Each structure stands twice: as C-alpha cells, then as structure tokens.
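The first residue of the sequence shown is numbered 1, and numbering continues consecutively from there. Everything quoted here is computed from the prediction, not taken from an experiment.
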Amino acid sequence: MGTGPARGAGSRAALLVLADGRFPAGGHAHSGGAEAAVKAGRIKDARGLADFCRGRLHTTGLTSAALAAAAAGGLDPLELDHAADARTPSPALRATARRLGRQLMRAARATWPGPELTALAAALPRGAHQPVVLGLTAGSAGLTPEDAAYCALYEAVSGPATATVRLLGLDPFEATAVLARLAPELDEVAAHATERAARAAHEGTDALPAASGPLLDITAQAHAGWPVRLFAS
C-alpha cells in the first residue's frame, strides 16, 4: 500500500484543520445517532454519552477509520466506496454518508485541491461515502493513513458529544472530559484500523473491518422519518 504524499512541515497543522469541527464539512448538522439515543433514554448524562461514544468507536468508527486510511494509502476510491456501501445496511445512513461526502468534497477541493479528489467528484457527482472522501482529503493534504484514521475516529465521537451538549444541556466540560478519557482507546482503534487498511492493499477490501452497530442502523431509519428533529441524522 502506498503511503500517500510525504508529510511536510505543515502537515501537523493540516491535521488540526481537517479534524477541527469548524471545518466546513457539514458535520455540525449531524448527531451521529445521539439524537435518537437521547430520545430513547439511552443517553441521559455523561456516563451514558461515554458508553454511546465507546460503542461507536469500536464499531462504525473502526470501519470508517479503516476506509479512510485505505483511501489515504492509495487504494481505489471507487472500490472503497462499494465496500462502504456494503458495510452500511441502513438506507438513511448511506444517504447521510454520501451527503456528508459531497459537502466534504466541496471543502476539500477548495482547501487542498488534488487530482484524486477531482477524479472522484467526477465519477460520483452525487457524493462518495464520507470516509472515502476523508481519506483522499488527508492524502491531498499530505497526511498519512493513520492521520486519516484518527480524523475519522475523532469525528465518530466528537459529533455525538457536541450534539449531546445541545440536546441535553450537558455541561460542555463533562462532554469534553468524556472525549479525553476515550483517548487511549482511540489510539488503539486507530492503530488497528491502519493495520487493516494496510492488509487490504494486499488482500482486497474484504480485509477491511465490517463492524457495525445494528441499533444505530435501526434508529437512523426511524430518525429519518421524524417530522421534527434538531439534527439531520
């Protein structure tokens, strides 16, 4: 597997920009399933938020991180997009992933334009899966596959944490503390995702993880039909 463009002196700053929640990639409008979990009573406080984020980290987070790392490492993005589709059984979540991918593509091409991004945008004008776009964006910014995995994992937990502050009025200091306590696990999952992405370069996309959260799929479908909601997903 290729390692993508070499990391330059500004790559650490590029990683901060890409992982920043203020990067205009559209993530602020999505709760990552937290809104449905709050309504169902599964998230009531910081402890419930920690359990929810840990579950995402080790399931859908791992899968997204490996897809992003594989894209950053040079695997065929169209093949990875098919793999992402196969790993996203919920139609609502597939639509969300492509909508977020389309928004990220716009931001990425304005920030770190590159031929790989241009080619994918032309091939999938309605949007590729967000983790695949994220991986190509990381590569275009001079970041490594592991950097891409970290970005995907941080999004997987920071989105629900931010949403829960708005949904429950949870103390933002408590929400941030949840993310900080999850940091060692995030390190472990990022390493595992990167290793699986490297294997996929030799064994094909079947080597990528396919961990899922069935309850997230079920609640995403229900959430999509709510007449009133604060978040798009």
Side-chain angles (χ1 to χ4, degrees), residues 12 14-23 25-70 72 87-88 93 96-97 100 104 130-131 134-135 137-138 143-197 208-217 219-220 231 233:
R12 183 168 296 174
L15 177 59
L16 294 175
V17 171
L18 185 56
D20 192 335
R22 291 164 293 189
F23 188 70
H28 65 279
H30 298 265
S31 75
E35 185 167 22
V38 167
K39 185 175 182 179
R42 287 188 291 275
I43 300 178
K44 299 179 181 179
D45 50 25
R47 182 174 181 177
L49 173 62
D51 290 341
F52 181 84
C53 288
R54 181 171 289 108
R56 277 184 59 85
L57 185 65
H58 290 277
T59 56
T60 57
L62 169 63
T63 300
S64 295
L67 286 163
R87 288 160 172 75
T88 313
L93 288 181
T96 294
L100 284 169
L104 174 57
Q130 193 268 358
L134 177 62
T137 303
L143 301 174
T144 68
E146 187 174 25
D147 291 330
Y150 267 103
C151 284
L153 291 169
Y154 184 68
E155 287 178 358
V157 295
S158 63
T162 301
T164 303
V165 170
R166 295 173 61 186
L167 290 162
L168 286 178
L170 185 69
D171 185 336
F173 295 132
E174 290 188 77
T176 302
V178 166
L179 297 179
R181 287 193 289 270
L182 284 172
E185 290 179 60
L186 196 151
D187 287 340
E188 294 173 7
V189 177
H192 182 44
T194 306
E195 186 273 331
R196 293 290 291 272
L208 293 171
S212 64
L215 188 57
L216 288 174
D217 294 321
T219 56
F231 292 93
S233 70

When rounded to the nearest 0.5 angstrom, what distance separates [atom1] in [X] from [atom2] in [Y]?
{"X": "D51", "Y": "D45", "atom1": "CG", "atom2": "CG", "value": "9.0 Å"}
{"X": "T164", "Y": "E174", "atom1": "OG1", "atom2": "CD", "value": "11.5 Å"}
{"X": "L104", "Y": "T137", "atom1": "CG", "atom2": "OG1", "value": "4.0 Å"}
{"X": "E185", "Y": "C53", "atom1": "CD", "atom2": "SG", "value": "11.0 Å"}
{"X": "E35", "Y": "R166", "atom1": "CD", "atom2": "CZ", "value": "9.5 Å"}
{"X": "R181", "Y": "T176", "atom1": "CZ", "atom2": "OG1", "value": "10.5 Å"}

Considering all heavy atoms, the nearest [X]-[Y] contact:
{"X": "L67", "Y": "P131", "value": "CB-CB, 4.0 Å"}
{"X": "V157", "Y": "L179", "value": "O-CD2, 3.6 Å"}
{"X": "A193", "Y": "A65", "value": "CB-CB, 3.6 Å"}
{"X": "G135", "Y": "A148", "value": "CA-CB, 4.3 Å"}
{"X": "A197", "Y": "A70", "value": "CB-N, 3.6 Å"}
{"X": "I43", "Y": "L168", "value": "O-CD1, 3.7 Å"}

#### Entry: Stepwise side chain to side chain contact (heavy atoms under 4.5 Å, CB included) test for L208 and R87
CA-CA 10 Å; L208 293 171; R87 288 160 172 75; 3.8 Å; yes
### Query
Do L100 and E155 pass the side chain to side chain contact (heavy atoms under 4.5 Å, CB included) test, and can you show the C-alpha distance, the side-chain angles, and the key distance before you say yes or no?
CA-CA 12 Å; L100 284 169; E155 287 178 358; over 6 Å; no
### Task
Please assess L215 against R42 for the test side chain to side chain contact (heavy atoms under 4.5 Å, CB included), listing each intermediate value before the final yes or no.
CA-CA 11 Å; L215 188 57; R42 287 188 291 275; 3.6 Å; yes
### Query
Any salt bridge between R22 and D20, counting N to O under 4.0 Å?
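Result for this pair is yes, salt bridge flagged.
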### Task
Would you sort out whether S212 and T63 count as a side chain to side chain contact (heavy atoms under 4.5 Å, CB included), showing the intermediate values?
CA-CA 8 Å; S212 64; T63 300; over 6 Å; no
### Over 12 foreign heavy atoms within 6.0 Å of CZ, F231
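Yes, enclosed.
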### Query
Can you find a pair of side-chain heavy atoms, one from T162 and one from H28, that are under 4.5 Å apart?
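SC-SC contact between T162 and H28 ruled out.
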### Query
Is the shortest heavy-atom distance from the side chain of F52 to the side chain of L216 under 4.5 Å?
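Side-chain contact under 4.5 Å: yes.
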